[in-house]
Amino acid sequence: MASRKQKRKPVSRAAARRPAQRKSAARKTAAKSTAAKSTAAKSTARKKIVRRARAAVPAARPARKKQRVAISHHREEDFKADGLRAYAQYRDLGIKGATGGLAQAHVIRLLGPCNPQEVSKLHFHDVDFQMVYVLKGWVKTYMEGEGETMMREGSAWTQPPRIRHMILDYSDNVELLEIILPADFDTVELTA
């Protein structure tokens, strides 16, 4: 007897999968929906990370003018009574113009004798940086958190932004070098 080959129907790939591997149309839709939600969640999470990173990075500073060399030689006629205090003469060192307003530096002569009623006024400056160096004589200061301090020739100090301070007394020949950033700033006098 001859063996007969049975004819088989061709089987599709999907049909050839085991039943556990087959997905119904509903399961396929649910899987696509879950994948879409997962992608959206990842996208939202990435956006949050980028937002936090951008917030942590300070905004770009505006471009400053190109700085130039500033040279200043001592000349008595350069001391002018046109600065912040009426009891002082200021010698501008040309830093403001050379830095496009980034900083200012001047030599200050406090005019003697000291009159504490005029001089001793509590105030602060709205600055980013302030440094003072005693070139000649002495000055007695008060700074919030530091109290009274005698500064002599060769003494230097910084005054943090907005620190309350005042001059209490000074010698007749005192000269100070002061460096401030930015060049233009506000000074606020305080009442007791």
Side-chain angles (χ1 to χ4, degrees), residues 53-192:
R54 285 183 184 150
V57 174
R61 292 182 182 207
R64 294 202 180 269
K65 293 180 184 175
K66 183 177 179 181
Q67 295 184 28
R68 61 177 174 76
V69 174
I71 298 172
S72 177
H73 299 286
H74 180 267
R75 297 179 331 161
E76 281 300 313
E77 61 267 24
D78 289 340
F79 283 92
K80 307 220 182 320
D82 62 354
L84 183 62
R85 303 287 176 219
Y87 55 85
Q89 292 180 334
Y90 298 81
R91 180 178 144 225
D92 180 39
L93 300 179
I95 305 301
K96 178 180 178 178
T99 63
L102 173 67
Q104 83 166 254
H106 46 244
V107 176
I108 305 171
R109 275 188 185 157
L110 300 179
L111 305 174
C114 177
N115 177 357
Q117 290 179 334
E118 180 183 11
V119 171
S120 300
K121 296 187 178 172
L122 192 63
H123 64 282
F124 68 83
H125 307 292
D126 193 10
V127 297
D128 294 329
F129 174 81
Q130 182 177 15
M131 181 229 136
V132 184
Y133 180 84
V134 182
L135 297 167
K136 291 183 189 176
W138 56 267
V139 62
K140 187 176 184 181
T141 66
Y142 164 82
M143 284 184 283
E144 183 177 42
E146 293 296 317
E148 295 179 11
T149 307
M150 177 67 76
M151 306 293 187
R152 301 185 187 286
E153 188 173 319
S155 297
W157 72 96
T158 59
Q159 293 181 170
R162 301 177 65 91
I163 189 171
R164 298 166 187 240
H165 64 282
M166 69 177 139
I167 293 175
L168 300 173
D169 198 5
Y170 55 83
S171 64
D172 289 350
N173 66 337
V174 70
E175 284 190 11
L176 310 169
L177 169 65
E178 184 176 53
I179 301 169
I180 301 173
L181 283 83
D184 296 316
F185 60 92
D186 292 324
T187 295
V188 178
E189 287 200 2
L190 305 163
T191 55

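Below, all heavy atoms of this structure are taken into account, side chains as well, without hydrogens, waters or symmetry copies.
Considering only heavy atoms from C-beta on, Met151 comes within 4.5 Å of Thr141 through its side chain. Using a 4.5 Å heavy-atom threshold, the side chains of Ile180 and Phe185 count as touching. Using a 4.5 Å heavy-atom threshold, the side chains of Asp169 and Met150 count as separate. Taking 4.5 Å as the limit, every side-chain heavy atom of Tyr133 sits out of range of all side-chain heavy atoms of Ile179. In this structure, Thr99 and Leu181 have side chains that are not in contact, with every pair of non-hydrogen atoms separated by 4.5 Å or more. Under the 4.5 Å side-chain criterion, counting only non-hydrogen atoms from C-beta, Val134 is in contact with Val139. A 4.5 Å side-chain heavy-atom check between Asp172 and Pro113 finds at least one atom pair inside the cut-off. Counting heavy atoms from C-beta on, the side chains of Phe79 and His74 come closer than 4.5 Å.
A distance of 12.0 Å separates CD1 of Ile163 from CZ of Phe124, quoted to the nearest 0.5 Å. Distance CD/Glu153 to CH2/Trp138: 14.0 Å, rounded to 0.5 Å. Note that CG of Leu190 is 9.0 Å distant from NE2 of His123, once rounded to the nearest 0.5 Å. Note that OH of Tyr142 is 10.5 Å distant from OG1 of Thr149, once rounded to the nearest 0.5 Å. Rounding to the nearest 0.5 Å places CZ of Arg164 at 5.5 Å from CD of Glu144. Atom CD in Glu148 sits 11.5 Å away from atom CE in Met143 (nearest 0.5 Å).
Residue Leu135 is tested with Val107, Leu176, Asn173 for a side-chain contact (heavy atoms from CB on, under 4.5 Å); the sole match is Val107.
A salt bridge links Arg109 with Glu175: the distance from a Lys NZ or Arg NE/NH1/NH2 to an Asp or Glu carboxylate oxygen falls below 4.0 Å.
Relative orientation of the His106 and Tyr90 rings is perpendicular, given thresholds of 30° and 60° on the angle between their planes.
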